[in-house]
Asks: 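Have a look at this one before I ask anything.
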Amino acid sequence: MTGQLRHMLRDDDVSHDEQLEILELGMRFRENRLFSRPFEGPQAVAVLFDKPSTRTRSSFSIGVAELGGYPLIIDKGGSQLGRGEPVADTARVLTRMTSAIVWRTFGQDRVEEMARYATVPVVNALTDQFHPCQVLADFLTIAQHRGGVSELAGKTIAYLGDSANNMANSYLLAGATAGMHVRIAGPYGYLPDPAIVADAEAIAKSNGGSILVTTDAEEAVRSADCIFTDTWVSMGEESQYATRSKPFWKYQVNDHLMGLAAKDALFQHCLPAYRGKEVTSTVIDGPQSVVWDEAENRLHAQKALLTWLIAQQRDDPSLLHAGE
């Protein structure tokens, strides 16, 4: 029986209950990496990269293989997409050969067009606007350290730094979906898109969470359960670091700001990190940092997401309960 074709293009493409189901599945993959193998065959999953990657490439390549599938890795220079082939044409081809399509690219419009023409699930592995796979891993990390997925609702999370980027957008939407209290702090000129904030506020209202966007770093971190940050300079902009980093120094995650958070607050960073810039070495290498668990959880969260999407398409809930 054919079920419902679902995609993960932005964090609010799943409901509160669906997000919980995916994260619970991620916890199961943490316990047993091979408990469900929906791509046995092997069936191929296309994993496309328009941007460099370490964690995304590793976690999806290994993850698809552990799900019983074949990860078809396609770099920008090795595809016709990189030479200007229309996204719709690539989608029409890949959708006939693969069981899912994963894409790390630039504009959100690109993954949305891929999904429009694909007849298999499409996963946003990072765009300029959203990074939903990273935030699923981040929430899985909180669940790992704080009593399970059921404990996420009501938690307070704070993100500091460039708040106009994809990570801030994803924390807003995913945190609201989880029923969290989400605080975003950054300088004027680097705050989230008001439309995304409005979406997050509406979602938070229905799930018991809340949204705060501020320029005050101390206000954001006070009594927070988890502190997040990201690099101040995106890939390809390293030569502009001295100039671009100037507005962000008061948002550096350091011992002072961590001291304002909850006593047992966790620290997370999606990596790669610039020690001494967006975060001090004493924090990222300190006892409250869980960045290595966070990096590992990319593998488990993404396997859970792919398994959940395929279960929806095939209308086969047994994939979510294998081994029980």
Asks: Indicate whether the side chain of Asp255 and that of Thr282 have a donor and an acceptor atom separated by less than 3.5 Å.
Replies: yes
Asks: Would you name the heavy atoms of Ala185 and Ala217 that are closest together and state the gap between them?
Replies: CB-CA, 4.1 Å
Asks: State, with a plain yes or no, whether a side-chain heavy atom of Asn166 is found less than 4.5 Å away from one of Gln129.
Replies: no
Asks: Within the 4.5 Å heavy-atom criterion, are His269 and Glu278 side-chain neighbours or not?
Replies: yes
Asks: Any side-chain to backbone donor/acceptor pair from Ser53 onto Thr56? Under 3.5 Å, distance only.
Replies: yes
Asks: Please say yes or no: joined through hydrophobic side-chain contacts below 4.5 Å, possibly via intermediate residues, are Phe130 and Val47 part of one cluster?
Replies: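 Per the 4.5 Å side-chain linkage, Phe130 and Val47 are co-clustered.
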Asks: If you group Ile, Leu, Val, Met, Phe, Trp and Tyr by side-chain heavy-atom gaps below 4.5 Å, do Met167 and Ile196 land in one group?
Replies: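 Shared cluster, yes.
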Asks: For Trp308 and Leu320, run side chain to side chain contact (heavy atoms under 4.5 Å, CB included): C-alpha distance rounded to whole Å, both residues' side-chain angles, the deciding distance at 0.1 Å, then the answer.
Replies: CA-CA 7 Å; Trp308 188 86; Leu320 310 180; 4.2 Å; yes
Asks: Does the side chain of Val182 reach to within under 4.5 Å of the side chain of Leu212, using non-hydrogen atoms?
Replies: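 Counting from C-beta outward, Val182 and Leu212 never come under 4.5 Å.
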Asks: Between the side chains of Thr105 and Thr127, does any donor sit under 3.5 Å from an acceptor?
Replies: no
Asks: Counting C-beta onward and ignoring hydrogens, is there a side-chain heavy-atom pair between Val102 and Leu48 closer than 4.5 Å?
Replies: no
Asks: Does some side-chain heavy atom of Glu66 sit less than 4.5 Å from a side-chain heavy atom of Lys303?
Replies: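 Touching, per the 4.5 Å side-chain cut-off.
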Asks: Would you compute the distance between atom OG1 of Thr156 and atom CE of Met180 and round it to the nearest 0.5 angstrom?
Replies: 9.0 Å
Asks: Apart from Leu260 itself, which Ile, Leu, Val, Met, Phe, Trp or Tyr residues share its cluster (side-chain heavy atoms under 4.5 Å, direct or through members)?
Replies: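 Members alongside Leu260: Leu160, Val221, Ile227, Tyr251, Val253, Leu257, Met258, Phe267, Leu271, Val279, Val283, Ile284, Val291, Trp292.
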Asks: Answer whether the closest heavy-atom distance between the side chains of Ile73 and Ser61 falls below 4.5 Å.
Replies: yes
Asks: With rounding to the nearest 0.5 angstrom, report the CE to CG distance, Met114 to Leu9.
Replies: 11.0 Å
Asks: Shared ILVMFWY cluster between Val122 and Trp103, side chains joined below 4.5 angstrom?
Replies: yes
Asks: Between the main-chain N or O of Ser15 and the side-chain N or O of Thr177, is there a donor-acceptor pair closer than 3.5 Å?
Replies: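 A pair under 3.5 Å: no.
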Asks: Are Arg298 and Gln134 linked by a side-chain donor-acceptor pair shorter than 3.5 Å?
Replies: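 There is such a pair between these side chains.
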Asks: Thr214 and Asp216: side-chain hydrogen bond (donor to acceptor under 3.5 Å, both in side chains), yes or no, with the steps?
Replies: CA-CA 5 Å; Thr214 179; Asp216 187 335; 5.4 Å; no
Asks: Only one of Val290, Asp293, Asn297 forms a side-chain contact (heavy atoms from CB on, under 4.5 Å) with Gln268, so which one is it?
Replies: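 When Val290, Asp293, Asn297 are each tested with Gln268, the side-chain contact (heavy atoms from CB on, under 4.5 Å) holds only for Val290.
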Asks: Under the ring-ring contact (aromatic ring centres under 6.0 Å, His included) rule, collect the residues that match up with Tyr159, sequence neighbours excluded.
Replies: Tyr171
Asks: Keeping the roles fixed (side chain from Arg314, backbone from Pro38), state whether a donor-acceptor pair exists under 3.5 Å.
Replies: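 Checking the backbone N and O of Pro38 against the side chain of Arg314, a donor-acceptor pair under 3.5 Å is found.
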Asks: Quick check: does any side chain N or O of Ser36 sit under 3.5 Å from a backbone N or O of Leu319, one acting as donor and the other as acceptor?
Replies: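 A pair under 3.5 Å: yes.
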Asks: Using the rule side-chain hydrogen bond (donor to acceptor under 3.5 Å, both in side chains), only one of Asp138, Asp11, Asn165, Asn124 pairs with Ser170; which is it?
Replies: Asp11
Asks: Do Arg57 and Arg104 have side chains that get closer than 4.5 Å, going by heavy atoms?
Replies: no
Asks: Taking only Lys NZ, Arg NE, NH1 and NH2, and the carboxylate oxygens of Asp or Glu, determine whether Arg146 and Glu151 approach each other closer than 4.0 Å.
Replies: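 Salt bridge flag = no for Glu151 with Arg146.
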Asks: Side-chain contact test, heavy atoms from C-beta onward, threshold under 4.5 Å: evaluate it for Ile74 versus Leu72 and give yes or no.
Replies: yes
Asks: Would you please name every residue forming a salt bridge (Lys or Arg N to Asp or Glu O under 4.0 Å) with Asp13, sequence neighbours left out?
Replies: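 For Asp13, no residue satisfies salt bridge (Lys or Arg N to Asp or Glu O under 4.0 Å) once neighbours in sequence are set aside.
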Asks: Holding to salt bridge (Lys or Arg N to Asp or Glu O under 4.0 Å), I want the full list of residues that pass it with Asp225, two or more places apart in sequence or in another chain.
Replies: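 By the salt bridge (Lys or Arg N to Asp or Glu O under 4.0 Å) rule, Asp225 matches no residue at all.
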Asks: Just grab all the ring-ring contact (aromatic ring centres under 6.0 Å, His included) pairs involving residues 33-67, residues at least two apart or on different chains.
Replies: Phe29-Phe35
Asks: Pairs in or reaching into residues 176-198: which pass salt bridge (Lys or Arg N to Asp or Glu O under 4.0 Å), with residues at least two apart or in two chains?
Replies: none
Asks: In terms of side-chain heavy atoms, does His7 have a donor or acceptor partner in Glu112 at a distance below 3.5 Å?
Replies: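 No, Glu112 and His7 have no side-chain donor paired with an acceptor closer than 3.5 Å.
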Asks: Under 4.0 Å between a Lys/Arg side-chain N and an Asp/Glu carboxylate O for Arg37 and Glu40?
Replies: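 Looking at Arg37 and Glu40, the cut-off is met.
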